[in-house]
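To keep things clear, I will list the structure first and then write my remarks on it.
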Amino acid sequence: MNVNENTASILKDIEQKYASIHQKTDTQLEGLLWSKPTTYWDYIQTDVLLNLQIQRTVLPDEMVFILYHQVNELIFKMILWEMNQISHTQNIQADFLIDRLTRISRYFDMLTTSFTIMENGMDVDQYMKFRNTLTPASGFQSAQYRLIEFCTTDLVNLIDSRFRASFDHTISNENAFEILYWQAAGKEEETGNKSYTLEEFEKKYKATFLNYMEEYKSINIWQKYKQLSAQDQELQALKEAMRHFDFTVNITWVMQHLNVAIKYIDQSGMGDGEATGGSDWKKYMHPKHQKRIFFPELWSEAELANWGQE
């Protein structure tokens, strides 16, 4: 059998690959004889994806709501995938950080503009009916979004604004967890007791959250930025990428989410104005209250003071 030079080179590389993991090349190549060609639907798992939408009601627009939030969770997974690369890259370089931050911001930009699907793509009457069936579930319970926050910034920037100035950096993760900004949204205002929504959220994900809080303490995006040389930290392109990401996530995207909620919950006149999870959703969501800022050192005093102001 005549083997051209290119094929011979490929076979040599294959042999080296399997030799490095103590496998027989002949066995692996023979396995290719019986493998099925890849199809789009098998590779993407289309049938699985399209069977993950289970309605709780007979109202057609509930399908829009389910699909939209599933798309959001898939985008969150893409964001975490990029963040993982940033955090676990040794000797990170400025151009790599800029590139990955730009990718992440692009995902959040898409999420921001996509809110028109929710804002204009559901019948208000249908939404106000099926949302009662979803209670006490809440978008508050998106674990991936919490992981994104832990991967992005130092813990102090995620602390409830009432406690941030006096935050003790030596505090345990367990105690810090109790004063994260979103904890207040899951507690009853009069008693301070945790709501069922928050209790179930913690049962499911608290251990994962605590692990992330510890793991990303020294490798979150802000800490990777600080690992760069002083000269690289002053690069205008890098600062712009950091600021765009911060502003997009903590103001633009949040405000789009808030405005959609206002349209359905507050302005429709068809409900009691309460969130499905029972939170004080306006105070929780509006950036001017909690002033969620990932990279406060990159903003001026005036910008910080007016964060989220309309």
Side-chain angles (χ1 to χ4, degrees), residues 65 68-69 71-80 82-83 101-122 131 137-162 164 180-186 197-198 201 209 220-222 241-267 273-296 298-299 303-310:
F65 189 82
Y68 181 75
H69 283 82
V71 169
N72 273 228
E73 292 294 336
L74 287 172
I75 299 299
F76 287 161
K77 183 171 183 176
M78 293 172 73
I79 290 166
L80 285 166
E82 301 294 348
M83 288 182 162
L101 281 172
T102 302
R103 290 188 187 186
I104 294 167
S105 290
R106 192 179 297 123
Y107 298 145
F108 267 109
D109 287 338
M110 185 182 78
L111 288 172
T112 300
T113 57
S114 72
F115 264 117
T116 56
I117 295 171
M118 288 278 285
E119 186 175 11
N120 303 314
M122 295 190 302
R131 73 185 295 268
S138 170
F140 167 89
Q141 295 172 312
S142 172
Q144 287 198 111
Y145 185 69
R146 305 303 166 201
L147 299 183
I148 287 170
E149 293 180 320
F150 295 138
C151 291
T152 301
T153 188
D154 289 343
L155 199 56
V156 63
N157 298 319
L158 302 177
I159 296 299
D160 189 310
S161 58
R162 295 171 297 174
R164 199 173 297 154
L180 292 170
Y181 79 89
W182 46 265
Q183 282 280 344
T197 301
L198 179 57
F201 189 42
F209 292 157
N220 61 61
I221 290 175
W222 176 250
M242 298 278 284
R243 283 165 56 93
H244 178 78
F245 170 52
D246 202 349
F247 191 89
T248 299
V249 177
N250 290 315
I251 293 185
T252 312
W253 182 70
V254 173
M255 286 304 301
Q256 283 294 99
H257 194 171
L258 176 62
N259 289 334
V260 173
I262 288 173
K263 173 183 176 178
Y264 285 99
I265 302 174
D266 215 31
Q267 295 178 348
E274 292 188 2
T276 52
S279 66
D280 184 354
W281 54 278
K282 290 182 185 177
K283 190 171 183 179
Y284 160 67
M285 292 179 70
H286 203 298
K288 72 180 181 181
H289 295 299
Q290 280 294 338
K291 292 194 174 182
R292 296 183 293 275
I293 307 171
F294 292 150
F295 315 125
L298 299 183
W299 301 91
E303 288 170 328
L304 293 174
N306 293 296
W307 191 261
Q309 299 292 338
E310 298 186 54

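For Q183, the side chain to side chain donor-acceptor pair (under 3.5 Å) partners are E202, not counting sequence neighbours. The side chain to side chain contact (heavy atoms under 4.5 Å, CB included) test applied to T153 returns N157, L158, F294, not counting sequence neighbours. Scored by the side chain to side chain donor-acceptor pair (under 3.5 Å) test, R164 finds no partners at all (sequence neighbours excluded). T112 is linked by a side chain to side chain contact (heavy atoms under 4.5 Å, CB included) to T248, T252, W253, Q256, counting only residues two or more places apart in sequence or in another chain. Listed by chain and residue number, R162 satisfy the salt bridge (charged side-chain N to carboxylate O under 4.0 Å, His left out) test with D160 (two or more places apart in sequence, or in another chain). By the salt bridge (charged side-chain N to carboxylate O under 4.0 Å, His left out) test, E119 is found to be paired with no residue, residues two or more places apart in sequence or in another chain being considered. Legend: residues meeting ring-ring contact (aromatic ring centres under 6.0 Å, His included) with F201, ordered by chain and number and at least two apart, are F140, W182, Y205, F209. Applying the side chain to side chain donor-acceptor pair (under 3.5 Å) criterion to R106, with sequence neighbours excluded, gives no partner residue. Listed by chain and number, the residues in a side chain to side chain contact (heavy atoms under 4.5 Å, CB included) with E303 are R243, W299, S300 (sequence neighbours excluded). By the salt bridge (charged side-chain N to carboxylate O under 4.0 Å, His left out) test, E149 pairs with R146, sequence neighbours left out. Checked against side chain to side chain donor-acceptor pair (under 3.5 Å), S114 has the following partners two or more places apart in sequence or in another chain: Y68.
Rounded to the nearest 0.5 Å, atoms CG (L111) and CD1 (I75) are 6.0 Å apart. L147 CG to T152 OG1: the interatomic distance, rounded to the nearest 0.5 Å, is 10.5 Å. Note: N306 CG to K288 NZ = 11.5 Å, rounded to the nearest 0.5 Å. Atom CG in L101 sits 8.0 Å away from atom CE in M83 (nearest 0.5 Å). The distance from the CD1 atom of I148 to the CD1 atom of I104 is 8.5 Å, given to the nearest 0.5 Å. Atoms OH and OG1, on Y107 and T102 in that order, are 11.0 Å from each other to the nearest 0.5 Å.
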| said: Quick one, R292 with V249, criterion side chain to side chain contact (heavy atoms under 4.5 Å, CB included). Give me CA distance, side-chain angles, the key distance, then yes/no. | reply: CA-CA 9 Å; R292 296 183 293 275; V249 177; over 6 Å; no
| field | Steps toward side chain to side chain contact (heavy atoms under 4.5 Å, CB included) verdict (N250, W307) | value | CA-CA 9 Å; N250 290 315; W307 191 261; 3.9 Å; yes
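Using cut-offs of 30° and 60° on the angle between ring planes, the pair F108 and F245 is tilted. Between F65 and H69, the ring-plane angle classifies as tilted under the 30° and 60° cut-offs.
Counting only distance, with no hydrogens or angles, the side chain of N220 and the backbone of W222 share a donor-acceptor pair below 3.5 Å. In this structure a side-chain-to-backbone donor-acceptor pair under 3.5 Å is missing from Y145 to G139. A side-chain donor-acceptor contact under 3.5 Å links Q144 to the backbone of E73.
Taking the side chain as every heavy atom from C-beta outward, R131 and Y264 never approach each other to under 4.5 Å.
Within the structure, salt bridge (charged side-chain N to carboxylate O under 4.0 Å, His left out) pairs that include any residue of residues 245-261 do not occur (at least two apart or interchain).
Scanning both residues, P287 and V254, for their nearest heavy atoms gives CD-CG1, 4.0 Å. Contact record, L304 with K291: O-NZ, 3.4 Å, taken as the closest heavy-atom pair. For I251 against G308, the heavy-atom pair with the smallest separation is CD1-N, 3.7 Å.
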